[in-house]
There are 2 protein chains.
Amino acid sequence: MNPKLRDVAEHAGVSVRTVSNVVNEFRYVAPATRERVRASIEALGYRPNMAARTLRRGRTGLVALVIPEIDSPYYAELAARTVRVAGARGLTVLIDQTDGDAERETHLLHGRRSQLVDGVLFSPWAVAPAELAARTDTVPLVLLGEHDGTAGVDHVAIDNVTAAREATEHLLARGRRRIAAMGIQPQSRYATTRQRLTGYRAALAGAGLPADPDLEVAVRSLHRADGHEAMLRLLDSPRPPDAVFCFTDELALGALRAAADRGVAVPESLALVGFDDVEDGRFSVPSLTTVAPDKDRIAELALDLLADQSAAPRSITAPHRLVVRETS
Amino acid sequence: MNPKLRDVAEHAGVSVRTVSNVVNEFRYVAPATRERVRASIEALGYRPNMAARTLRRGRTGLVALVIPEIDSPYYAELAARTVRVAGARGLTVLIDQTDGDAERETHLLHGRRSQLVDGVLFSPWAVAPAELAARTDTVPLVLLGEHDGTAGVDHVAIDNVTAAREATEHLLARGRRRIAAMGIQPQSRYATTRQRLTGYRAALAGAGLPADPDLEVAVRSLHRADGHEAMLRLLDSPRPPDAVFCFTDELALGALRAAADRGVAVPESLALVGFDDVEDGRFSVPSLTTVAPDKDRIAELALDLLADQSAAPRSITAPHRLVVRETS
DNA sequence: ACGGCGATTTGCAACGTGGCAAACCCAGTG
DNA sequence: CACTGGGTTTGCCACGTTGCAAATCGCCGT
């Protein structure tokens with residue numbers, strides 16, 4: 001059995017409470033006492049029992065980060081930053097992976113972790129917004145990457161519509177006229193990809209170009225393989241595009257590979273823009289033009305919201321910028 | 001305040017203990033009672049308090065995964081698989097990120113999380129093996145990716161020496177004779193990169209080739225940027241190699257980019273082999289030949305070891321295979 | 001020497017749960 | 001009708017910690 005406060009107290013010849021005071025760095029402990037207790041703690045190898053502490057304090061110091069996939073580079077980068085920012089605030093992050101499974105998302109949302117964490121950062125994928133409103137759980141919740149005004153929940157996200165419009169306008173400015181949008185997800189109930197599509201259409205409309213349904217490409221998921229497959233189809237179609245705005249960098253990297261497979265020169269014959277600014281895109285050949293959300297800021301803002309849960313749910317917009325590289 | 005067992009008990013008109021029995025699916029509860037209690041649980045939205053449960057049971061159901069970086073694709077993929085496997089076993093994974101910081105590693109190793117998790121999967125980077133032996137903590141520990149026989153700790157890793165030898169032999173079989181090794185880490189106290197170097201040298205020796213110090217390239221860390229930088233140096237050197245065995249895929253992807261920067265044709269003028277089989281390498285242009293560790297198996301074996309801590313520490317070797325793609 | 005005051009230490013209780021074993025209930029049996 | 005035994009329910013307590021507030025200590029000024 002691990003030593004507990006009582007063991008340390010006996011060893012140091014003080015009361016349990018005094019040991020607790022030392023552990024918690026209470027002001028009024030005589031230096032001599034403090035030293036003696038410290039020595040006993042060291043000697044016995046005492047470590048506070050988190051469960052007991054949590055039970056007593058009512059807080060765990062844990063925050064759950066719920067994301068579809070840890071190994072999708074965007075989420076990996078977001079998770080890494082969240083863990084760092086949280087660590088600086090004395091919080092530990094517990095990462096939950098849903099695999100985009102609606103049931104698992106619902107499960108987590110409705111408090112399967114509720115008594116284990118002080119708050120949940122939730123990056124929804126399959127769960128319907130209505131589920132959010134219906135949740136019975138009282139643990140503070142912040143939504144990441146969603147911004148459609150779903151009632152009653154704090155949000156942090158970039159302005160997806162504007163970002164998508166800027167990305168598309170960039171392609172237009174490069175003289176492209178047949179610009180496809182890749183990444184539409186018919187089955188997702190969430191707003192992100194829809195917002196990017198909206199921004200894309202707005203840019204086309206702004207340039208006086210008609211929307212062409214053949215250029216709005218749906219995918220099953222947002223991975224490289226999907227981008228690869230979808231791009232091959234586009235390239236093999238009667239009238240291939242001269243540019244593609246991909247809703248994620250992963251899609252774009254798959255598309256890039258497809259272009260290589262078909263011997264299509266990028267950016268000469270085909271320009272590409274991605275979304276997320278993941279590390280891979282900086283080193284791909286050619287390197288990837290992309291929309292860069294400020295991931296550090298997103299993590300910070302999300303934890304701010306979690307720490308300061310006010311009555312009125314807030315929607316916060318994180319900054320983003322267009323990073324132009326070789327694919328455009 | 002969240003409802004507790006007592007609230008449910010009052011609501012259902014039974015004792016606290018009976019509610020506990022229902023929650024824990026104890027055999028001897030009358031169906032009628034069970035139903036009534038279930039209804040009350042539902043009505044009040046009761047969730048078990050993890051802290052109290054942990055305090056009482058002595059187990060948390062949490063496992064810590066300590067890795068240098070979440071957003072390094074190899075670790076991201078390993079983490080994703082570990083979370084999945086652990087979930088199937090009723091365990092939750094808490095991911096700790098050390099950024100390769102020795103102090104943080106030591107910190108975690110010596111039980112900063114000890115009373116919070118039932119076990120630790122530790123992927124060491126900066127911490128000295130001696131520290132492992134010296135640890136006072138009693139939480140079960142399994143080392144990932146290390147296999148140098150450090151006393152007293154369970155290990156799971158692939159056979160790095162053999163894998164590295166096979167990778168190098170593959171390049172030799174392709175007719176390459178000036179093969180560099182990239183990824184030596186002078187400052188790391190750990191065995192992995194040393195073992196890969198050993199395998200590389202063994203392959204060269206087996207082919208009767210001399211070891212050339214100029215071809216053994218050290219790097220600061222194992223990221224794309226390091227591979228990029230190191231490859232540029234190699235290519236700009238008086239006698240560039242005709243092949244490079246990179247100790248990680250990230251290095252290789254950086255090297256690939258460097259080859260593109262210098263207009264060197266891959267694989268014609270320069271062959272590359274990586275290590276880790278990360279997703280990026282499958283879609284890069286050209287796609288990356290690599291050593292593929294069986295990450296699922298590593299996660300499973302590690303959790304097996306954690307679950308079944310026997311007296312004698314064991315070293316388990318996970319399988320790997322060479323995946324030949326376009327860079328060689 | 002005494003009251004007062006801040007500094008330091010302490011005892012008690014409670015956080016919510018589950019292990020233990022006793023208590024209870026009821027139908028079947030002799 | 002008391003007895004037996006399996007099924008069902010329950011009360012008590014401890015898990016290790018910290019909030020609370022009271023107790024104690026030592027020193028100062030008068």
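First the proteins, then the strands, lettered A, B, ... as listed; each starts at 1.
A salt bridge does not link B:Arg104 with B:Asp96: every distance from a Lys NZ or Arg NE/NH1/NH2 to an Asp or Glu carboxylate oxygen is 4.0 Å or more. A salt bridge does not link B:Asp304 with B:Arg297: none of the charged nitrogens is closer than 4.0 Å to a carboxylate oxygen. Classification of B:Asp294 and B:Arg81 as a salt-bridged pair fails, no side-chain N sitting under 4.0 Å from a carboxylate O.
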What's the verdict on salt bridge (charged side-chain N to carboxylate O under 4.0 Å, His left out) for B:Arg314 and B:Asp308, showing C-alpha distance, side-chain angles and the deciding distance? CA-CA 11 Å; B:Arg314 288 159 294 176; B:Asp308 170 44; 3.5 Å; yes
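With no hydrogens or angles considered, no side-chain donor-acceptor pair links B:Asn49 and B:Arg53 at under 3.5 Å. Of the N and O atoms on the side chains of A:His223 and A:Glu69, at least one donor lies less than 3.5 Å from an acceptor on the other residue.
Taking all atoms of both residues into account, the shortest heavy-atom contact from A:Leu116 to A:Leu62 is O-CD1, 3.5 Å.
Legend: residues meeting salt bridge (Lys or Arg N to Asp or Glu O under 4.0 Å) with A:Arg59, ordered by chain and number and at least two apart, are absent.
Contacts of A:Thr54 with the nucleic acid, taken as non-hydrogen atoms under 4.0 Å apart, are absent.
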Using a 4.0 Å cut-off on protein heavy atoms (strictly under), produce a 5'-to-3' string for nucleotides 13-20 of chain C with B for base contact, S for backbone-only sugar-phosphate contact, and - for none. BBBBBBBB
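Protein chain A contacts DNA chain D over a range whose 5' and 3' limits, counting nucleotides with an atom under 4.0 angstrom from a non-hydrogen atom, are D:dG16 to D:dC20.
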